[in-house]
Enquirer: 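Dumping the structure here so I can ask a few things about it.
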Amino acid sequence: MDKKYIIGAIIAVVAVIAIAAVALGGGNSEHAADELVACVAAHGEEPEYGFDPMHGWGYHDSGTEPLIQSTILKRDENNSFVNDLATDYQISSDYKTYTVNIRDDVKFTDDTKLTAKDVAFSYNTAKEFGEGADLSSMKEAKATNDTQVVFTLEKSDSTFINKLTDVGIVPEANYNNESYGQNPIGSGPYKLAQWDKGQQFILERNENYYGEKPFFKKITNLFLDSDAAFAAVKNGEVDIAEVPVSYANETVKGYHLEYFDSIDVRGISLPTQMDEGKQIGSDNNTYGNNVTGDEAVREALNIGIDRQKLVDGALNGYGNVSYTGVANQLPWAFNSTIKDGQVDQAKSILENAGWKDTDGDGIREKDGVKASFPVYYSSSATERQALAVSVAEQAKELGIEITPEGKSWDDIDPVRNQVGVVWGFGSADPYEIQHQYDSRVAGEGYDNPEVLNDTNVDKYIDSAMSQDLNSSYSSWSQAAQEANSKYPFLWIATVDYTYFVDDSLDISNGTHLIYPHGGDIWGNIYDWKRVNTTENATS
């Protein structure tokens, strides 16, 4: 889900290109084979609080590679859990206690030893701050000795194992909330060498890293907007750059396009309640919409909109249709009964529900209410804008007026439970279903923004939480299916991640990790290398 803490300031002027060129020694300049220059922060953007896992660095819905810090577990290319700091772990039969044993040979970059106390401190602090991984089910983390930490939960939660990938570990003795993000001490494969805010950060390989060392000794990552990133590609100033799908069909000499399927889905929330002036959540937001509060409108949009046209147009063909909000790669995916693009049937549903165009202006109305509502999207996300505009065009044929409006998240937040919003979701943790649909969290932050109130959904979620993770997938699937039957979202598509990659760079497609919301381009950095280079990765 989109998190405000990762929305930083991005320099989007031509001057940045000049700064980047200086940093690289000029356009088309040569740099060492084991140095990498990238611009791949298009989704995560610059971290507002620096490189601090307590403020969300390294977390993007399912534990992405933080580079500077270690995590307890990681994921492999098959989306299976593998040890990082952990040597083994045990889970109690009631899923309320997770016991993890960790390595005893790990040091932070300040040469102090990493112990279970640092792990416990990191998790307790991350829970207190509440800006990254959802640790709401955790009561406390406690070190029983230097190499064992016990996580005690408030309730049964078989998904908690996913959270063991989510938090980068920081040193208890040297952690300072105000300054750590600018000068992070970690135990990961890299250490921060330089951060020029608004411009770039530079990482250097941690030669004391306990694991397999990456080939690249130095990574420079530039903060550029999409136009500037593509310009940097054309000027030969970067090895790899993430670009919007609108650029994906361009050709640049010396580069090739890499694109990756993701579980990152886009959908428009459709408030399920009528606007009665009531408030919800700790922000006391007013919720409800007198157009989408009618299920007939939500159903008509779901069957009347042609999603493949949206993928082909707004996403330039780089994506896959989604009717459910659950990517096909996930084990709780299910087949939808929705057949879209049925304009006539959608019109009939609206007519039968009393939505008619009595004044001939092309917009239906019912009981004096026009079938008109805004859809907000983050103004910095070009693909969300394209989707919102394209959906609005198709909705006209149904007699529904949608007004796309680009806003900052500060503008969207106060009305997120009243208007349609283009959201991004996509996690390898099924707990995301709870965030999307559970009535008990509706209106809290970005949870259940459509304010769906379905006790059957809540029961399926509770059942899933108290089962073995693999066994729970069917219950998570049932929860999502039950929720989707009320059409709380207009799910559209999973998006592809597209990169221009220098022909000399091999980013090892075969070992790429599953791409959650926000992506995880660095997930297999250990396998990246230069083509036809003989330099030893551990030299």
Side-chain angles (χ1 to χ4, degrees), residues 1 59-64 71-102 119 123 126-127 132-141 148-167 262-265 324-334 425-438 440-441 447 456-483 513-517 520 523:
M1 190 179 301
Y59 171 76
H60 216 325
D61 288 311
S62 66
T64 55
T71 52
I72 296 175
L73 299 176
K74 293 184 182 293
R75 297 178 188 273
D76 64 15
E77 63 270 24
N78 299 313
N79 204 32
S80 299
F81 297 113
V82 294
N83 291 336
D84 187 7
L85 288 177
T87 58
D88 60 75
Y89 56 87
Q90 298 83 41
I91 305 172
S92 64
S93 59
D94 62 0
Y95 303 100
K96 291 183 178 180
T97 305
Y98 288 68
T99 303
V100 181
N101 295 309
I102 67 167
V119 176
Y123 271 79
K127 176 180 172 64
D134 185 344
L135 301 175
S136 57
S137 66
M138 189 186 85
K139 181 178 181 181
E140 67 171 350
Q148 186 178 84
V149 60
V150 177
F151 298 90
T152 304
L153 309 188
E154 300 277 7
K155 59 182 180 180
S156 297
D157 183 358
S158 62
T159 71
F160 189 78
I161 188 173
N162 290 276
K163 282 70 174 177
L164 301 184
T165 71
D166 290 350
V167 179
S262 79
I263 59 172
D264 192 354
V265 67
T324 67
V326 180
N328 291 334
Q329 302 99 308
L330 296 171
W332 56 97
F334 58 95
F425 292 91
S427 175
D429 184 347
Y431 199 67
E432 183 165 71
I433 299 298
Q434 192 260 3
H435 287 300
Q436 292 171 336
Y437 303 124
D438 194 321
R440 295 161 293 190
V441 299
D447 288 351
N456 288 328
V457 172
D458 300 347
K459 289 176 181 177
Y460 284 128
I461 290 172
D462 289 343
S463 174
M465 296 277 280
S466 60
Q467 300 176 52
D468 168 78
L469 186 61
N470 290 330
S471 302
S472 73
Y473 293 145
S474 62
S475 293
W476 288 113
S477 180
Q478 287 175 301
Q481 290 180 62
E482 174 70 20
L513 279 59
I514 192 169
Y515 272 60
H517 176 56
D520 189 13

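What you see is a predicted model, and the numbers here were worked out from it, not measured in a lab.
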Enquirer: Would you kindly say whether Q467 and S463 are connected by a side-chain donor-acceptor distance under 3.5 Å?
Expert: yes

Enquirer: Mind checking ring pair (Phe, Tyr, Trp, His ring centres under 6.0 Å) for Y473 and listing every partner two or more places apart, or none if nothing turns up?
Expert: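 Partners of Y473 by the ring pair (Phe, Tyr, Trp, His ring centres under 6.0 Å) criterion, ordered by chain and then number, come out as W332.
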
Enquirer: Taking the side chain as every heavy atom from C-beta outward, state whether Y95 and D468 have any pair of such atoms under 4.5 Å apart.
Expert: yes

Enquirer: Just checking Y89 against Y98, ring centres under 6.0 Å apart?
Expert: no

Enquirer: Do the side chains of I72 and V119 get nearer than 4.5 Å, heavy atoms only?
Expert: yes

Enquirer: Quick one: side chain to side chain contact (heavy atoms under 4.5 Å, CB included) partners of A464, sequence neighbours excluded?
Expert: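 Partners of A464 under the side chain to side chain contact (heavy atoms under 4.5 Å, CB included) test: S472, S475, W476.
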
Enquirer: What are the two closest heavy atoms between G325 and V265, and how far apart are they?
Expert: O-CG1, 3.6 Å

Enquirer: Quick check for you: to the nearest 0.5 Å, what is the distance between N79 atom CG and L513 atom CG?
Expert: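 Going from CG on N79 over to CG on L513, the span is 7.5 Å.
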
Enquirer: Residues in side chain to side chain contact (heavy atoms under 4.5 Å, CB included) with V150, at least two apart?
Expert: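 Once residues adjacent in sequence are excluded, the partners of V150 under the side chain to side chain contact (heavy atoms under 4.5 Å, CB included) criterion are T97, T99, T144, Q148, T152.
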
Enquirer: So, using side chain to side chain contact (heavy atoms under 4.5 Å, CB included) as the criterion, who are the partners of D157 when residues are at least two apart?
Expert: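 So D157 forms a side chain to side chain contact (heavy atoms under 4.5 Å, CB included) with S137, L153, T159, F160, K163, M465.
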
Enquirer: Distance from L85 atom CG to L164 atom CG, nearest 0.5 Å?
Expert: 11.0 Å

Enquirer: Given side chain to side chain donor-acceptor pair (under 3.5 Å), test S80 with N78 step by step and report yes or no.
Expert: CA-CA 5 Å; S80 299; N78 299 313; 5.4 Å; no

Enquirer: Is any side-chain heavy atom of F151 closer than 4.5 Å to a side-chain heavy atom of M138?
Expert: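 F151 vs M138: side chains touch.
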
Enquirer: Could you pull out all residues at least two apart from A333 that satisfy side chain to side chain contact (heavy atoms under 4.5 Å, CB included)?
Expert: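 With sequence neighbours excluded, A333 shows a side chain to side chain contact (heavy atoms under 4.5 Å, CB included) to V326, given in chain and number order.
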
Enquirer: Taking all non-hydrogen atoms of both residues into account, name the closest pair between L469 and S158 and its distance.
Expert: CD1-O, 3.6 Å

Enquirer: Which distance, rounded to the nearest 0.5 Å, do you find between the NZ of K155 and the OG of S466?
Expert: 11.0 Å

Enquirer: Take V441 and H435 through the side chain to side chain contact (heavy atoms under 4.5 Å, CB included) test and state the conclusion after the steps.
Expert: CA-CA 7 Å; V441 299; H435 287 300; 5.6 Å; no

Enquirer: Nearest 0.5 Å, what's the CD-OG distance between Q436 and S427?
Expert: 9.5 Å

Enquirer: Quick one: are L73 and T71 in side-chain contact, heavy atoms under 4.5 Å?
Expert: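 A side-chain contact is absent here, since even the closest heavy-atom pair is not under 4.5 Å.
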
Enquirer: With a 4.5 Å heavy-atom cut-off, do Y431 and N162 have their side chains touching?
Expert: no

Enquirer: Let me confirm one number: the OG-NE2 distance from S262 to H517, rounded to the nearest 0.5 Å.
Expert: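 Rounded to the nearest 0.5 Å, the OG-NE2 separation comes out at 10.0 Å.
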
Enquirer: Under 3.5 Å, side chain of S477 to main-chain N/O of F334, donor-acceptor pair present?
Expert: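 It does not hold such a pair.
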
Enquirer: Before you tell me yes or no, could you show the steps for Q478 and I433 under side chain to side chain contact (heavy atoms under 4.5 Å, CB included), namely the whole-Å CA-CA distance, both residues' side-chain angles and the distance that decides it to 0.1 Å?
Expert: CA-CA 10 Å; Q478 287 175 301; I433 299 298; over 6 Å; no

Enquirer: If I take atom CD from residue Q434 and atom CG from residue D429, how far apart are they, to the nearest 0.5 angstrom?
Expert: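 Interatomic distance, Q434 CD to D429 CG, rounded to 0.5 Å: 10.0 Å.
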
Enquirer: Is the shortest heavy-atom distance from the side chain of N101 to the side chain of Q90 under 4.5 Å?
Expert: yes

Enquirer: Among pairs that include at least one residue of residues 77-96, which meet salt bridge (Lys or Arg N to Asp or Glu O under 4.0 Å), considering only residues two or more places apart or in two chains?
Expert: K74-D84

Enquirer: Has E432 got a side-chain atom pairing as donor or acceptor with A428's backbone, closer than 3.5 angstrom?
Expert: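 No: the side chain of E432 does not pair with the backbone of A428.
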
Enquirer: So, do L135 and Y123 sit near enough that their side-chain heavy atoms are less than 4.5 Å apart?
Expert: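 Yes - at least one pair of side-chain heavy atoms lies under 4.5 Å apart.
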
Enquirer: Could you tell me which non-hydrogen atom of P516 sits nearest to which non-hydrogen atom of I263, and how far apart they are?
Expert: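 Minimum heavy-atom contact is CA-CG1, 3.6 Å.
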
Enquirer: Considering only heavy atoms from C-beta outward, does the side chain of Y437 approach that of D458 to under 4.5 Å?
Expert: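 No, every pair of side-chain atoms sits at 4.5 Å or beyond.
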
